[in-house]
Structures are given as structure tokens and as C-alpha cells.
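Counting starts at 1 for both ligands and their atoms, following the listed order.
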Amino acid sequence: MECYTTCDELRAALAQQRARGRTIGLVPTMGALHEGHLSLVDASLRECDHTVVTIFVNPTQFGPQEDYGRYPRTLEEDLAALAARGAHTVFAPSTEEMYRPGHVTFVEMQGVALPLEGQRRPGHFRGVATIVLKLFTLVLPDRAYFGQKDYQQSLVVRRLVADLNLDVQIRLCPIVRDADGLALSSRNRYLSPQERRQALLLHQALQHVASRVAGGERNCQTLLSEIEALFAAAPGVRLDYASIADPETLAPLERIEGPAVCALAAFVGTTRLIDNTLLAPPQARA
Ligand code: AMP
């Protein structure tokens, strides 16, 4: 496995791979890798000849009050995990390498970038879209791998690709969870043992909604009220938002008559976690 820290080295190495006719898979991450990230690496290794993993804690996608400064940085462990998995190339640039002095170009998006995370974290998707576009133009991947864990991010990236005519296939991989249901996240490291138990409520609330929909409930306001009641009754956890929305546009739904996504964000202590599930009503009976 090769590890590069400069754009020039990365471009030169990948040009050689491309010249040999190898397809390139890209897995963008912020490091502190866990099995969720590694599942994206596995998917790329299955589908592409050469897998590039990027590790970059992107400052432009964090708000001023957010956790950029204390975001976990575990490069040595990350490199060992990626080498064991069989990744081919790692790109771990410095902040100065990705944002040269005088950098003033950003990608602004409307539509799917506006609600939910976009509303709660102003500027977040501007930072995400900017770094993803930069990584796409550096790596020129055939396919890029994203997790359903950040469902809205995957929609933002698909929209970016469509709007800017980028020649890359976007692959969405399922959410990897711990055995008790908690979605793996680099931010789970912030949780105390007690908070770790309290954080299970995100998944439990999603499971509750999925089982109510499977049982025939269609009214989104009813379901959202039930989520709010579950959170109101739980100590240590504060719901930031709950949404049941169209899975393509993220427009809120009144009734679940077709595919839908239920997305949650909640604070567990001071740690903000997100989770989601795709919903589909059972086939209407004849
Ligand atoms: P991050 O390092 O948090 O920016 O995440 C990098 C990529 O890993 C994103 O595409 C995430 O959606 C994905 N990811 C993070 N957690 C999980 C998970 N539990 N299961 C699947 N993919 C994940």
C-alpha cells in the first residue's frame, strides 16, 4: 500500500494505474476508521482494480462551534487497518495541501443540500461538496463509495455529479451497526459508557417507525409525534430533528404511500449523532 500526502504525487501514481487500464475506486473518509468505512473499502476492492482511500478532516465542512479541533485523528491505526484490508493507495494530505493560501472557490448547492443537516449545520454541505469535487478531480475515480449512514450527503454528492457532468458512478453502501444496533461512527468515541447506552435510542426509534409502517401506519405526523415522545421520555438524549421524507428530494411527506426515508439527529450529552432508515410500506393488499 502506498501513502501520499501531496496532490502531485497522488496524480502521478494514479495516472500510471489508469495507463495500465485499471479501474479506480475512491473511498473518501475523515479517518478514525471503523468497520463502516472498511465496508466501503471492501465494496471498492470487489468492484474496482485499484482502491484509493482518502483521509482528510475537512475543516470547511465544520461549523465554528463544532468538533473540528477535537475530531479523532488516528492515522497510524487507520493505515494499519487499510493495509490489512488490502487497499492500494491512501491519500492523507495536510490542510495546507488541500486549501492553498488564497483558496476562494467553493461549491454552493440548493435543493437536497438545504433541509435537515443543511439547515442545522449551515455551510456543511458547501464544505462537503467542495472537498468531494476536489477529490474527484484529483483521483478521477470510475466509482466512488459512500455510506447510507450519511444519507443526505449521498444525495448531495449524486446531485453534484449530475449537475457538473462528472464521470463517476456513486455507490451507496448499507449502514454498518454494532451488534446492539448503534450505527458505527467516528464520533461514538466521544461517548461515555452511559451515553453509549443512551445513544441506542436513535436506532430504537427508527426500528419503532419501521415496525409501525410495516403494521400499516401511514401518517407521518403520527409517527414523528411518537419519535418525539420516545426522546422526551429518555434522559440524556435530545432530539435535534426527525424527518420522514421523500428519499430522492428529502421533501417532508404527509403519508407513506411509497418509498420514504426516516432521518434523525440527536445530541447524546454534547455529542451529535445521526441515523436513518429507508421505509417502504408493504405492498397494498388486493
Ligand atoms: P466520515 O469519515 O464520517 O466522513 O465517513 C466517510 C464515509 O464512511 C461516508 O461515506 C460515510 O457515510 C461512511 N460511513 C460512516 N459510518 C458508516 C457506517 N456506520 N456504515 C456505513 N458507512 C459509513
query = With a distance cut-off below 6.0 Å to the six-membered ring centre and an angular limit of 45° from the axis, does R158 pair with F146 as a cation-pi contact?
reply = no
message = Below 4.0 Å from ligand 1: does a non-hydrogen atom of P28 turn up there or not?
response = yes
message = Assess, by modelled atom type and distance only, whether the side chains of N58 and Y99 contain a donor and an acceptor separated by less than 3.5 Å.
response = yes
message = Show me which atoms of ligand 1 lie under 4.0 Å from any heavy atom of T29.
response = 2 (O), 6 (C)
ask   = Considering only protein heavy atoms, which is closest to atom 12 (O) of ligand 1, and at what distance to one decimal place?
value = D150 OD2, 2.7 Å
inquiry  = Is there a side-chain contact between F56 and L135 in this structure, where contact means two heavy atoms from C-beta onward sitting under 4.5 Å apart?
reply    = no
ask   = If you draw a 6.0 Å radius around CD in E257, do more than 12 non-hydrogen atoms from other residues or ligands fall strictly inside?
value = yes
key: Exercise: identify the closest heavy-atom pair between N276 and R177   = O-NH2, 3.6 Å
task = Provide the number and element of each atom of ligand 1 under 4.0 Å from a heavy atom of L40.
result = 7 (C), 8 (O), 10 (O), 13 (C)
note = for atom 21 (C) of ligand 1, nearest protein heavy atom and its distance come out as P174 O, 3.4 Å
key: Identity and distance of the protein heavy atom lying nearest atom 23 (C) of ligand 1   = K149 CB, 3.9 Å
ask   = What is the ring orientation for Y71 with F62, classed by angle as parallel under 30°, tilted 30 to 60°, or perpendicular over 60°?
value = perpendicular
ask   = Nearest protein heavy-atom contact for atom 20 (N) of ligand 1: which residue, which atom, what distance?
value = V176 N, 2.9 Å
task = State plainly whether the residues R196 and D180 are in salt-bridge range, i.e. N to O under 4.0 Å.
result = yes
request  = Looking only at protein heavy atoms, identify the closest one to atom 10 (O) of ligand 1 and say how far it is in Å.
outcome  = G147 N, 2.9 Å
ask   = At a 4.0 Å threshold, what atoms of ligand 1 neighbour a non-hydrogen atom of M30?
value = 1 (P), 2 (O), 4 (O)
remark   = When distances are taken from atom 1 (P) of ligand 1, the protein heavy atom at minimum range is H37 NE2, 3.6 Å
request  = Provide the number and element of each atom of ligand 1 under 4.0 Å from a heavy atom of F146.
outcome  = 10 (O)
Cation over ring face, R120 and F125, 6.0 Å, 45° = no
For L184, the ligand 1 atoms whose distance to one of its heavy atoms is below 4.0 Å = 16 (N), 17 (C), 18 (C), 19 (N)
note = min-distance protein heavy atom vs atom 15 (C) of ligand 1 -> H34 CE1, 3.9 Å
inquiry  = Under a 3.5 Å cutoff, is there a donor and acceptor pairing between the side chains of Q119 and Y241?
reply    = no
